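Take a look at the structure below.
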Amino acid sequence: MIEPLLAEMATIWGHGGDPVPAYVARPLGAGPYPGMVVIHHLPGWDEANWEIVRRFAAHGYAAICPNLHHRDAPGAAPDDAAAAARAHGGVPDERFLGDCAGALRYLRALPSCSGRVATIGYCSGGRQSFLGACELDPDAAVVCYGAFIAGPPPDGLSTMVPVLDRAGGISCPVLGLFGADDTHPSPVQVAEIDAELTRLGKEHEFRIYDNAGHGFFAVDRPSYRPEVAVDGWRRIWAFLRRSLQATGEPVPAQGD
Amino acid sequence: VCTYATERLAVSGSGKTAGEWSSLTSASVYVDHPYTTPLEHTLNIDLFAESVLPARQIALELSLESAEALIAAMSRAVEGARRTANDAQLATADLTVGDG
């Protein structure tokens, strides 16, 4: 049995004090539950990310995913907002940091939250999870194939500058999961990030999977790699168990 | 891969969606993960109706093979129209010379 969940839309106070819509899912018990900020990818604040939020809730986390594209198109559908964000050159880092800080504050203020909160991001969200670890105060950060942490930014998206030079500010453990067949980031770039974190003495665990490219966790895409994804989730639960004193297992219902 | 590389350009013309026509002013073109198509990558085209975003009017997610076929068809159509226009200009020039 898994404890009942509540999933709903909420409003957080993000960068500049702006109201930002967020998808929230959390166990209905008294807790204390650790928290997880899920950072969506550039293609949008979409169902795949909301599903990840519910997965964390099912595993005993208070989880949230703010709409990082909200200001680019207030009130628009998530796909239109993503198109507008892209046309604007991507999500500015300072705005992301303000919104992520708002999400961390929201979770820590929940009566059922233990106060220990991590971030996880995929793709562009992986870069942002890394950036949040550099500049904010999460208790752990998971980076899933985060592109452009190192290396030149992509054409037309000038906001996606490399952030590896900010790694000195990291104050929490970092888990990085990557594919050997990926080119954004390439294994060479992953090695560069790994080496820099080692040089700086930052606690981190990096894993590069063979026979996997970009997006191996995405169950609705041809890039999905079941064996890699299953191992990746196990590593995520184990990492969070260590970093947040979380169980990482489905929460039994009362009386079980 | 996840490139994020995005071309932005100004366009002029019109687009129709939900039964309404709008004047198109700009476009984004990129190969990246689609929002809804179950493929790894698609050629994505966002057509915007106003300089003030987010007035996206039309969105396309095309398989790369479809995109190449469409690009080739569009090129043939535009080149054909240009050839026709050039022929007409030459015909007009011949007529002018003949009149002289």
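We name chains A, B, ... by the order of the sequence lines, and we start the count at 1 in each one. All values derive from a computational prediction rather than experimental measurement. All values below were derived from every heavy atom in this structure, side-chain atoms included, with hydrogens, water molecules and symmetry-related copies excluded.
The heavy-atom pair separating A/His214 from B/Glu40 by the smallest distance is O-OE2, 4.1 Å. Shown here for B/Pro34 and A/Arg221, the closest heavy-atom pair between the two residues is O-NH2, 3.0 Å. Closest approach of B/Asp46 to A/Ala83, counting heavy atoms only: OD2-CB, 3.3 Å. Contact between B/Tyr35 and A/Pro78 at its shortest, heavy atoms only, is OH-CB, 3.6 Å.
For A/Arg234, the CZ atom counts as loosely surrounded, since its 6.0 Å shell holds 12 or fewer non-hydrogen atoms of other residues, nucleotides or ligands. Shown here is A/Met9, whose CE atom has more than 12 heavy atoms of other residues, nucleotides or ligands within 6.0 Å.
For A/Asp80, the parts lying near chain B are the backbone and the side chain together; criterion is any non-hydrogen pair under 4.5 Å.
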Q | Test log, rule side chain to side chain contact (heavy atoms under 4.5 Å, CB included), inputs A/Cys123 and B/His33 | A | CA-CA 10 Å; A/Cys123 205; B/His33 304 311; 4.2 Å; yes
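Listed options A/Leu42, A/Asp46, A/Asp79, A/Asp220 were ranked by heavy-atom pairs under 4.5 angstrom with chain B; first place goes to A/Asp79. Considering only heavy-atom pairs separated by less than 4.5 Å from chain B, the leading option among A/Ala85, A/Gly215, A/Ala73, A/Ala82 is A/Ala73.
A donor-acceptor contact closer than 3.5 angstrom is absent between the side chains of B/Ser28 and A/Arg86.
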